[in-house]
2 protein chains.
Amino acid sequence: MPRSINEPNDTALLPEGLHDTLAHTAEHEAEIVEKLRQCFASHGYERVVPPLMEFEESLLIGPGKAQSRNMFRVMDPVTQRMMAVRTDMTGQVARIARTRLRNAPRPLRLSYSGDVLRVRGTQLRPEREFKQAGVELIGSDSTEAYVEIILLARNVLSSVGIANASIDLTMPLLVPAICRGLGLSKEVSATVRHALNAKDMGELETLDGEIGEISRALLAATGAADAGMDILNKINLPTEAREICGEMDILLARLKEVAPELSMTLDPGEYTGFEFQTGIGFSLFVKGVRGELGRGGRYPVEGDDSPEPATGFSLYLDSLMRALPEMTALKYIYCPYGMDMAAIADLRDQGYRTICGLQEAEDDRAEAQRLKCQYLWQADNVIEC
Amino acid sequence: MPRSINEPNDTALLPEGLHDTLAHTAEHEAEIVEKLRQCFASHGYERVVPPLMEFEESLLIGPGKAQSRNMFRVMDPVTQRMMAVRTDMTGQVARIARTRLRNAPRPLRLSYSGDVLRVRGTQLRPEREFKQAGVELIGSDSTEAYVEIILLARNVLSSVGIANASIDLTMPLLVPAICRGLGLSKEVSATVRHALNAKDMGELETLDGEIGEISRALLAATGAADAGMDILNKINLPTEAREICGEMDILLARLKEVAPELSMTLDPGEYTGFEFQTGIGFSLFVKGVRGELGRGGRYPVEGDDSPEPATGFSLYLDSLMRALPEMTALKYIYCPYGMDMAAIADLRDQGYRTICGLQEAEDDRAEAQRLKCQYLWQADNVIEC
C-alpha cells in the first residue's frame with residue numbers, strides 16, 4: 001500500500017484558487033517538470049529563468065496583453081514604479097530574446113518552466129496559480145519550424161508517459177482573410193467569425209451567398225485532419241486565404257511523412273485564445289482529461305527592430321498531471337535508532353527512502369507501521385511490514 | 001569550448017534586485033535544485049509545495065515575522081482580504097504541518113524548494129528574488145533531531161559536490177539564560193548580548209565581575225568546536241545556561257562519533273538571524289564564498305494546540321551556486337536538414353543536444369559553427385567542428 005498522509009480539508013486556510021500541493025502529488029509534479037526540462041534541453045532548447053515579477057509594461061507583450069486585467073500589481077518602493085506578477089511566461093521569454101539575447105544566432109531556441117499567477121481563474125481552470133513549461137523557436141517563419149515544434153510537443157509528452165495526445169490545428173488568420181477577400185462588412189465578418197468559433201450551425205445556416213457556402217464548408221472541415229484538408233482544398237477561396245490553407249496542406253504532408261502516427265484534427269474556425277497569433281496554432285488534448293494540456297503556434301516577438309517570428313508552445317502542468325497515471329508507490333523503510341550509518345546510506349542507494357528512529361522504539365515493527373513505512377530493517381535485512 | 005550566448009548588460013530592463021538567469025547558469029541551477037529534491041526525498045522528507053502568495057497573516061509565523069516589513073502585499077479582489085508574497089518558506093511549511101498535516105504521525109519530515117521575494121535586498125544579498133530549499137523535522141525536541149538535520153545538511157551539500165562546508169553552531173538562548181541567571185538588568189543584558197554578537201572585545205573589556213569573565217570566556221570559546229567546548233565546560237555558569245551548554249556537549253560528542261570528518265565551529269555569542277529560534281542554531285559556510293549557504297536550527301511551530309518543536313534548515317541557491325564549480329560543457333551537435341529522425345533521437349540518447357537545421361545549409365560546418373555547436377553530423381558520423 002502506498003504511504004499516504006492524512007489531509008483534512010482546510011480550504012479556508014488559503015485564498016480561493018491557491019493551494020498546497022503535498023507529498024506524492026508534489027513529488028510527481030517535480031519529477032514531471034524535471035523530465036520536461038531534460039527533454040527540452042536534449043532538443044537544443046536553452047533554459048531561461050525570468051523573475052516572477054517585473055515592470056508592468058514588460059509583461060504586456062504577446063499573450064500577456066490579453067491577461068492585463070488579470071495581473072497582480074504592486075508599487076515597487078525601490079524603483080517607485082509599478083511592477084506586476086507574471087500571468088504567462090511567453091512574453092518574458094520574448095523580452096529576453098529581443099534584449100539580452102538579441103545578438104545570439106538565429107534561430108534561437110529557448111525553454112522555460114515556472115509559476116504564473118492570475119487575479120481570477122476561469123471556469124475551466126479555477127486555479128489562480130499554476131505551473132507552465134514551454135519552448136520558443138525564434139527567428140524562423142518556415143513550415144519546418146512548425147514541424148520541429150509539433151514533434152517536440154509529441155516527444156516531450158511521450159517522455160512523461162503521454163502517448164495518446166491529439167493535436168488540434170487551428171488557423172486563426174483564415175476567417176479574417178476570407179472576409180477581407182470577399183469584401184465583407186465589419187458586422188458580417190464578426191458574425192461569421194463568432195458563428196464559426198462557436199460552431200453554431202444554426203447561425204451559419206442564415207448566411208447567404210459565397211460566405212455562407214464557405215463557412216458551412218469550413219465547419220464541415222472541422223475534425224480529422226486528412227478529411228478536413230481535402231474539404232479545404234476543394235473550397236473556392238480568395239488568394240490570401242488559399243495561401244493560408246496551402247501552408248497547412250504542406251505542414252500536414254510533412255508531418256505525415258516524418259510522424260505518420262500523430263493523431264491530428266483541424267479546426268479552421270477556432271480563434272479563442274489564438275488572438276495574438278500570426279500563423280497556424282494548435283492545442284494539445286487527451287481524450288477524457290479536463291482542460292487542454294497546452295497550446296502553441298506562431299506569434300510576432302516585438303522589439304526595437306522589426307518583429308521576429310516565433311513558434312512555440314506552453315504546457316499547463318495541472319492538466320498534464322491529470323492526464324498521467326499516479327506515481328508508482330515509493331518504498332519507505334524504517335531504520336531503527338543506532339543502525340549503522342553506512343548501511344542506511346546503502347539502502348538509499350538501493351532506492352529506499354530511509355526513515356530513521358530518533359530513539360529506541362519498544363517495538364520496531366509497530367513503530368515502522370505507525371510511521372507508514374512498508375519496510376523495516378531487522379537483523380541486517382529488509383523485512384516487509 | 002562550451003557553447004555560450006552573448007549577454008549584453010541591460011540592467012535597466014528589470015527592477016533592481018530582480019534578474020533573468022540564462023542558459024548554462026539556469027540549467028545548472030535547475031540540476032542542483034533537482035539533486036537537492038532527490039536527496040531530501042531519499043532521507044524520507046516528503047515534498048510540500050505551498051502557494052507563492054497567501055493571506056498576509058499566515059505568512060507572519062516563525063521567521064516570516066522578522067520579514068513582515070519586507071513583504072509585497074496586494075489586496076485580493078476575490079476574497080477582499082490582504083495577501084502577501086512569501087519572503088521565506090519555513091512559515092508556510094509550519095502552517096501545513098499544523099493544519100492539513102496535523103494528524104500525520106510525528107516526527108513529520110517535510111521538504112520544500114521554491115522562490116521567495118522580498119521588497120528590499122540586504123547588503124550581503126542584494127537579490128530581491130531567490131530560491132530557497134530546505135527541510136523540517138517536526139515533533140521532536142531530541143538531540144538526535146539536530147544530529148539527523150546536520151547530517152542531512154552534510155549529505156545534501158555533498159550530493160551536489162560541496163564536500164568542504166563548515167558548520168557554525170550557535171546557541172541563541174545561552175547569553176539570555178546567563179543574564180537571567182545572574183540577575184542582570186535589562187540594560188546590562190542588552191550590552192552583553194550586543195557586544196558578544198558583534199564580537200566587540202573592546203566593549204567586553206569594560207564589563208566587570210562575573211559577567212565580564214563569562215563574556216570574555218564565551219568570546220574565547222568562539223572558533224573550532226572542540227576547543228570551544230572545552231572552554232565552555234570550564235566556565236562557572238548558572239543552571240539553565242549550564243544545561244544549554246550540556247546539550248551542545250552531547251550534540252558535539254554524538255556528531256564526532258557518527259561523522260568525525262565534519263568541520264565544526266562554535267559561536268556561543270551570535271544571535272543575529274536566530275531570534276525566532278528556541279535551541280541550537282547553525283549556519284553553513286564555504287571558505288571564500290560570499291554569503292552563507294544556508295542556516296538552520298530549532299524553532300517552535302505554533303498552532304491551535306501547544307507549540308511543536310521543529311528542527312530544520314534552509315539553503316539559499318544563490319550562495320550555493322557560488323560555491324560550486326561551473327557545469328561541465330554541454331555537447332551540442334548540428335543535425336543538417338533532412339537527417340533521419342531516428343538517428344537524431346539516437347544522438348539525444350547518447351547525451352548530445354541536437355540542433356536541427358530548418359533548411360539545407362550551403363555549408364554544414366559553417367552553419368554548425370554559427371549556431372555554436374561543437375559537433376556536426378556528417379556522412380553518418382559525429383564530427384568535431
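Below, chains carry the letters A, B, ... as their sequence lines are ordered, and counting in each starts from 1.
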Within the structure provided, determine whether [X] and [Y] are in side-chain contact (heavy-atom separation under 4.5 Å).
X: A:Leu22; Y: B:Glu46; result: no
X: B:Pro15; Y: A:Arg81; result: no
X: A:Val119; Y: B:Pro77; result: yes
X: A:Gln359; Y: B:Ser140; result: no

So which part of [X] gets closer than 4.5 Å to some heavy atom of chain A, the side chain, the backbone, both or neither?
X: B:Arg370; answer: both
X: B:Leu137; answer: side chain
X: B:Glu54; answer: both
X: B:Tyr352; answer: backbone
X: B:Arg128; answer: side chain
X: B:Thr354; answer: both
X: B:Leu151; answer: side chain

For A:Leu358, is it the side chain, the backbone, both or neither that has a heavy atom under 4.5 Å from a heavy atom of chain B? both
Measure distances from A:Thr79 to the heavy atoms of chain B and classify the residue's part below 4.5 Å as side chain, backbone, both or neither. side chain
Could you grab the distance from atom CD of A:Glu31 to atom CZ of B:Arg37, nearest 0.5 Å is fine? 5.0 Å
Rounded to the nearest 0.5 angstrom, the CZ-CD distance for B:Arg348 and A:Gln38 is 13.5 Å
Determine whether B:Arg95 and A:Leu14 satisfy the following criterion, side-chain contact (heavy atoms from CB on, under 4.5 Å), listing intermediate values before the conclusion. CA-CA 10 Å; B:Arg95 172 183 60 69; A:Leu14 286 176; 3.6 Å; yes
Does B:Ala368 have any side chain to side chain contact (heavy atoms under 4.5 Å, CB included) partners at least two apart in sequence or in another chain, and if so, which?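 Only B:Tyr334, B:Cys373, B:Leu376, B:Cys385 meet the side chain to side chain contact (heavy atoms under 4.5 Å, CB included) criterion with B:Ala368.
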With sequence neighbours left out, the residues meeting side chain to side chain contact (heavy atoms under 4.5 Å, CB included) with B:Ala133 are B:Leu36, B:Phe40, B:Ser113, B:Leu317
For the interface with chain A, which of B:Asp340, B:Asn155, B:Ile96 has the highest count of heavy-atom pairs at distances below 4.5 Å? B:Ile96
